[in-house]
K.L.:
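One structure coming up, written as structure tokens, with questions to follow.
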Amino acid sequence: MGTGKVIYVDNNATTKVAPEVLEAMEPFFCERYGNASSMHTFGGSVRHELDAAREQVAKLLGAMPGEIVFTSCGTESDNAAVIGTLRANPEKRHIITTRVEHPAIRSLCQYLAKERYEVTEVPVNRQGELDVDLLADAIRPDTAVVSVMWANNETGVIFPVEEIAEIAHAAGVVFHTDAVQAVGKLPINLAKTRIDLLSLSGHKLHAPKGIGALYVRRGTKLTPLLIGGHQEHGRRGGTENSASIVGLGKAAELAVEHIVDENTRVKAMRDRLERRILESTPDCFVNGARDERLPNTANISFEYVEGEAILLRLDELGICASSGSACTSGSLEPSHVMRAMGVPFTAAHGSIRFSLSIYNTDDEIDFIAGHVPRIIKDLRAISPYARK
Ligand code: PLP
């Protein structure tokens, strides 16, 4: 896109940095650039800001500040959780996860399977829902960790992670959840759950890219992934990314304020977009369970057209959406999530994800809903697969 107006509905891929977040970060580049671990006051004073950010993130999660470890991204948090648990429990070599995890867990588990760990991937049904009994049955005496995402990045489908955490806990197994898509969109109170480890990523909640956090319940055995200095109480080596940590703290504070808006206004916009598209366009349907779903995500399959072609037409109008997940687009294969759900090939191919944020407006939604039917009609007119 050049300088034209952009309608950004790809917030599950990444989000705009909130202006308040940028403002909070600004002093930490050229003025307060000291190292938080330094003895001098100039650096040491930054430590207080990091502690404040830790409190803000803890508050968003219903956790204690000491349970928050800052990392570089969601992927690092996921890797640190799974690898750290395996290393801390070397006698156990079995991992349970699902077929629809983000590559930060799925590819990691596939790698670990080559390293002589055993991995059970629990399937999902046509609605993208998990069979919890099947997961419970997969737990064995040598299961080290169960890792299940809180919400799916492609469909928005929410998994019952609190219930699964109870099951894992009862079996004495560590439970990790990749909550990268859930944090900031769903109310979370970890104190009321048995979740041991939780990953989040700054750039999905209006903080910058390159900052994340891992919640580690007090008492959870975890070997650090990055071994180095004593930062993060010895749980993650590396000089703290102070500007981004402060930014994540501010984003967490804003997320607490915006959670109601996210679940009312944003949800209403998503529902209206979905309804208007479904009413005006034949042969299309929503992927994923309709109720247990993130408030901001709509994944719609358009039969007989290619998602990439739709994206290009949307792009010409300045509309930024996604087909499948950003990580899997670029290849024409339907995503592993669509395949795991058993979405027919032609429909999976034509699936588009619209993911909204608090920065979207009703006018933008009307603009998108007004253009989609025409785009689909045009593309079907030239599609060799279309039912004419
Ligand atoms: N987990 C989920 C569910 C995600 O959607 C993403 C990013 O798309 C990640 C993990 C990876 O996060 P990051 O980009 O911060 O590494």
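Every number for a ligand or one of its atoms is a count from 1 in the order of the listing. Just so we're clear, the structure is a prediction, and the values are computed from it rather than from any experiment.
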K.L.:
Apart from Val174 itself, which Ile, Leu, Val, Met, Phe, Trp or Tyr residues share its cluster (side-chain heavy atoms under 4.5 Å, direct or through members)?
P.N.:
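Members other than Val174 - counting any ILVMFWY side chain reachable under 4.5 Å - are Val69, Val82, Ile83, Leu86, Ile95, Ile105, Leu108, Tyr111, Leu112, Tyr117, Val119, Val145, Leu197, Leu214, Val216, Leu222, Leu225.
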K.L.:
Please work out, at 4.0 Å between heavy atoms, whether the side chain, the backbone, both, or neither of Asp178 comes within that distance of ligand 1.
P.N.:
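The part of Asp178 near ligand 1 is the side chain, not the backbone.
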K.L.:
Could you walk me through whether Lys192 and Glu162 pass salt bridge (Lys or Arg N to Asp or Glu O under 4.0 Å), step by step?
P.N.:
CA-CA 9 Å; Lys192 291 220 167 105; Glu162 284 140 316; over 6 Å; no
K.L.:
May I ask you to identify, for His203, whether its side chain, its backbone, both or neither come under 4.0 Å of ligand 1 on a heavy-atom basis?
P.N.:
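His203 to ligand 1: side-chain contact only, backbone stays beyond 4.0 Å.
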K.L.:
Looking at ligand 1, does any of its N/O atoms fall within less than 3.5 Å of an N/O of Asn12?
P.N.:
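In this structure, Asn12 places no N or O atom under 3.5 Å from an N or O of ligand 1.
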K.L.:
Of all the atoms in ligand 1, which lie at a distance below 4.0 Å from a heavy atom belonging to Ser201?
P.N.:
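With Ser201 as reference, the close atoms of ligand 1 come out as 13 (P), 15 (O).
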K.L.:
I need the contact type for Lys209 against ligand 1. Using non-hydrogen atoms and a strict under-4.0 Å cut-off, is it side chain, backbone, both or neither?
P.N.:
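None of Lys209 does.
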K.L.:
For Asn153, counting its heavy atoms only, list the atoms of ligand 1 lying under 4.0 Å from any of them.
P.N.:
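Those of ligand 1 that fall under 4.0 Å from Asn153 are 3 (C), 5 (O).
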K.L.:
Which atoms from ligand 1 have a heavy atom of Gln181 less than 4.0 Å away?
P.N.:
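Within the 4.0 Å cut-off of Gln181, ligand 1 contributes 3 (C), 4 (C), 5 (O).
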K.L.:
Considering the heavy atoms of Met149, write down every atom of ligand 1 situated less than 4.0 Å from one of them.
P.N.:
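The atoms of ligand 1 under 4.0 Å from a heavy atom of Met149 are 3 (C).
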K.L.:
Please say whether the positively charged group of Lys16, taken as NZ for Lys or CZ for Arg, lies over the ring of Tyr359, i.e. under 6.0 angstrom from the six-membered ring centre and within 45 degrees of the axis.
P.N.:
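Ring-cation test returns yes.
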K.L.:
When you measure from the side chain of Gln56 to the backbone of Leu248, do you find a donor-acceptor pair of N or O atoms at a distance under 3.5 Å?
P.N.:
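No; judged by distance alone, with no hydrogens or angles, the pair does not exist.
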K.L.:
Under 3.5 Å, is there a donor-acceptor pair linking the side chains of Gln231 and Glu240?
P.N.:
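Note: Gln231 and Glu240 side chains miss the donor-acceptor criterion.
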K.L.:
Is there a nitrogen or oxygen of Ala13 sitting under 3.5 Å from a nitrogen or oxygen of ligand 1?
P.N.:
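There is no such contact.
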K.L.:
What I'd like to find out is whether the side chain of Ser244 reaches to under 4.5 Å of the side chain of Lys209, using heavy atoms alone.
P.N.:
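SC-SC contact between Ser244 and Lys209 ruled out.
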K.L.:
Tell me, please: is Lys204 in heavy-atom contact with ligand 1, that is, under 4.0 Å?
P.N.:
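Distance cut 4.0 Å: Lys204 passes for ligand 1.
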K.L.:
One residue to check: Asp78. Relative to ligand 1, which of side chain, backbone, both or neither has a non-hydrogen atom less than 4.0 Å away?
P.N.:
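The answer is the side chain.
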K.L.:
Could you identify which residues cluster with Met25, counting Ile, Leu, Val, Met, Phe, Trp and Tyr as linked when any side-chain heavy atoms lie under 4.5 Å apart, either directly or through a chain of such contacts?
P.N.:
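Listed partners: Val17, Val21, Leu22, Phe29, Leu254.
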K.L.:
Would Tyr33 and Phe42 count as a close aromatic pair, with their ring centres under 6.0 Å?
P.N.:
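Yes - the distance between ring centres of Tyr33 and Phe42 falls below the 6.0 Å cut-off.
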